[in-house]
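Quick note on labels: first sequence line is chain A, next is B, and so on, each numbered from 1. Both backbone and side-chain heavy atoms feed into the values below; hydrogens, waters and symmetry mates do not.
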Amino acid sequence: MNDPRRHTWDVNIAEAMEIQRALAGLVQRSGRLENPRFVAGCDAAFTDGGACIVGALVLLSFPELEVLERRTLKEDVRMPYVPGLLSFREAPTLERLLLSLPQKPDFIMFDGHGYSHPRRLGLACHLGVRLGIPSVGVAKSILTGRIENEAGMVRGSRSWLIDARSGERLAAVLRTRDGVRPLYVSVGHMLDIEEAVRLVLECGRGRRLPEPTRLADALAAEAKRADLRAAND
DNA sequence: GCGACAG
DNA sequence: ATCTTGTCGC
């Protein structure tokens, strides 16, 4: 039997969807992390008119959240952005960055959804399964599903993102800061939703976005500017 | 057929 | 995501 985790990234839309359905069955939505020490944050930016992707990875100590590593990687874009297929566009680069680390982080936080995906295999689930590392999806907006009840306005308040058809809970709608728009926290792999929410809150430092994702986003933007600058002079 | 649609 | 200045508010 061929391990679906060994698939290629060079696929068309139909093949990508089929791969997602196969990998969705390997996602583990239960588990807790015993004394995690290292957390990785990933994000990406695009340059050269959308021809290139700049992946960014930050490694932080946990729970101190001190930056231990920052690295970026620029590559040619292979796939266009298609709702639901984000991982086929960003994961190749992010995966190379994660594999470049001397040691696996205890968990990873991604800028995007995990389980709260049409086929239950958002970016966080995809790379979590491919790498066999616990992961969490932290999205800024909804891909699929509806909000059950509006979350309270105080930090820590939460509600649920529900599947319109089954009523299944897809993600936690979490207020990570008083009065700001909520974040959509979903399971990626090897941990349950409560653990995912706990980790996101513990990685918060007064901002809407948790540090891993926030710093990765800033790093991607920084690398993009540096590259753009080097191209001119 | 008509909307919705992570980054 | 990206294109883009100033501006309203804490």
Side-chain angles (χ1 to χ4, degrees), chain A residues 9 13 16-17 19-20 23-24 27 41-57 72-95 97 108-128 135-147 153-155 160-165 170-189 196 200 206-210 212-229 231:
Chain A
W9 290 114
I13 293 181
M17 293 178 76
I19 288 172
Q20 294 184 319
L23 287 177
V27 174
C42 294
D43 192 21
F46 295 83
T47 44
D48 304 337
C52 295
I53 176 175
V54 177
L57 165 64
T72 62
L73 176 59
K74 179 185 180 185
E75 301 184 315
D76 291 333
V77 163
R78 297 191 179 195
M79 300 210 58
Y81 168 68
V82 178
L85 301 183
L86 178 68
S87 59
F88 287 86
R89 181 175 168 76
E90 303 189 347
T93 303
L94 300 182
E95 181 175 65
L97 280 168
I108 311 169
M109 281 183 48
F110 290 96
D111 188 355
H113 290 92
Y115 189 71
S116 38
H117 175 279
R119 288 166 294 285
R120 308 295 181 264
L121 194 89
L123 174 63
C125 295
H126 201 153
L127 281 183
S135 62
V136 180
V138 181
K140 300 183 290 297
S141 62
I142 299 172
L143 204 209
T144 186
R146 58 165 290 261
I147 295 178
M153 292 305 273
V154 178
R155 169 185 159 81
W160 299 105
L161 182 64
I162 304 297
D163 180 272
R165 301 192 60 182
L170 304 177
V173 179
L174 182 66
R175 192 82 62 183
T176 52
R177 212 190 146 176
D178 293 16
V180 303
R181 284 175 300 151
L183 247 33
Y184 302 89
V185 180
S186 59
V187 168
H189 189 45
V200 168
R207 304 272 190 166
R208 179 162 90 118
L209 297 179
T213 289
R214 188 179 74 77
L215 295 176
D217 178 85
L219 176 56
E222 179 190 305
K224 175 180 175 177
R225 295 193 309 261
D227 184 75
L228 189 60
R229 169 178 189 176

In whole angstroms, the gap separating P of C/dC3 from CG of A/D48 amounts to 11 Å
Looking at A/P182, is its backbone amide N or carbonyl O close enough to the side chain of A/R208 to form a donor-acceptor pair, meaning the two atoms are under 3.5 Å apart? yes
With the side chain counted from C-beta on, respond yes when A/H126 and A/L86 share a heavy-atom pair under 4.5 Å apart, and no when they do not. no
Is A/K140 close enough to C/dA1 that one of its side-chain N or O atoms is under 4.0 Å from OP1 or OP2 there? yes
Within this structure, what is the CG-to-C1' distance between A/D43 and B/dG7, rounded to whole angstrom? 8 Å
Take the protein atom CG of A/L121 and the nucleotide atom P of B/dA6, then report the distance between them rounded to whole Å. 16 Å
Which part of the nucleic acid does A/G84 contact within heavy-atom distance under 4.0 Å: base, sugar-phosphate only, or nothing? base
C/dA1 C1' sits how many Å from A/F46 CZ, rounded? 6 Å
Does A/Y81 reach a base, just sugar-phosphate, or nothing at all? Heavy atoms under 4.0 Å. base
Any side-chain heavy-atom pair of A/R89 and A/F46 under 4.5 Å: yes
Using a 4.0 Å heavy-atom cut-off across all strands, classify A/L123 as base, sugar-phosphate, or nothing. base
Atom CG of A/D178 and atom CZ of A/R155: how far apart are they, to the nearest 0.5 Å? 8.5 Å
Does any non-hydrogen side-chain atom of A/L183 lie less than 4.5 Å from one of A/L209? yes
Base, sugar-phosphate alone, or nothing: which one does A/L161 contact when heavy atoms must sit under 4.0 Å apart? nothing
Watson-Crick or G-U stems of DNA chain B, 3 or more pairs, under 3.5 Å, by first number: none
A/R208 CZ to C/dC10 P: how many Å, rounded? 18 Å
Atom CG of A/D111 and atom P of B/dA6 are separated, to the nearest Å, by 12 Å
A/D217/A/K140 ion pair, N-O < 4.0 Å: no
Would you call A/P210 and A/V138 a side-chain contact if the rule is heavy atoms closer than 4.5 Å? yes
Between atom CD1 in A/I147 and atom P in B/dA4, what is the gap in whole Å? 15 Å
Within the pair A/S141 and B/dG7, is there a side-chain N or O less than 4.0 Å away from OP1 or OP2? yes
C/dC10 P sits how many Å from A/R155 CZ, rounded? 21 Å
